[in-house]
Amino acid sequence: AGGPDEPLPEWRPVTISHPAWFGEIRTRSDSLLGRCFLDPSTDGETWGRAYLLSLAQLRWIAQEENRGREVTLTAEQLRGAGGEVVAGQAYGWLNQLPALGDGLPVVTLTSRPGTVRPQRLPEDAYLEAMREGLRETYPELGEEQISCYLEAVGGQPAPGRQPAAP
């Protein structure tokens, strides 16, 4: 269980106290794309959506986001320890599980700390999917606020890198 055939889980808006940034990934076909990551080593603000998932569902998502490679994901990681989900591997876009909250476990999947990815803005279709998700999750936001937010994420330096000079 935990695959695409399960019903969509319950969700709610969440503000994460770490910044998002756009970084580069290499696809199986060797294309370079921009994707959104979270930097849990720095304070900031990211608007997101928290889903109520079973461990099996989260494990399935982690495996899909890591090119189908087997993942290690335990209940202990969800209870606050966090850690690697693709142990010892240099590949995988979303191979870390940082703990983000108290109460029910709040976690995300992101890149390994210290991974230096070049900054890269996502393609228009990816940004439009983000806009659509923000509109749905935060209906009180206007288009200008959403655009400003995505521009700010686009200007966020990758972890370990300095902001670009103006």
Mind checking whether Y138 and W47 have parallel, tilted or perpendicular rings, split at 30° and 60°?
tilted
Distance-minimising heavy-atom pair for [X] and [Y]:
X: L134; Y: L150; answer: CD1-CD2, 4.2 Å
X: T137; Y: G48; answer: CG2-O, 3.7 Å
X: G154; Y: L121; answer: CA-CD2, 3.8 Å

Drop me the distance from [X]'s [atom1] to [Y]'s [atom2], to the nearest 0.5 angstrom.
X: R135; Y: I146; atom1: CZ; atom2: CD1; value: 5.5 Å
X: C148; Y: Q145; atom1: SG; atom2: CD; value: 8.0 Å
X: S17; Y: E45; atom1: OG; atom2: CD; value: 9.0 Å
X: E151; Y: L127; atom1: CD; atom2: CG; value: 10.5 Å

State whether the side chain of [X] and the backbone N or O of [Y] hold a donor-acceptor pair below 3.5 Å, judged by distance alone.
X: H18; Y: T42; result: yes
X: T46; Y: I16; result: no
X: Q63; Y: W60; result: no

Electrostatic pair E123:R35 at N-O distance under 4.0 angstrom
yes
Electrostatic pair E136-R131, nearest N-O below 4.0 angstrom:
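Salt bridge between E136 and R131, a charged N being under 4.0 Å from a carboxylate O: no.
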Within a reach of under 6.0 Å around CD of E132, are more than 12 heavy atoms found that belong to other residues, nucleotides or ligands?
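At most 12 heavy atoms, drawn from other residues, nucleotides or ligands, come within 6.0 Å of this atom.
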Do L52 and W11 have side chains that get closer than 4.5 Å, going by heavy atoms?
no
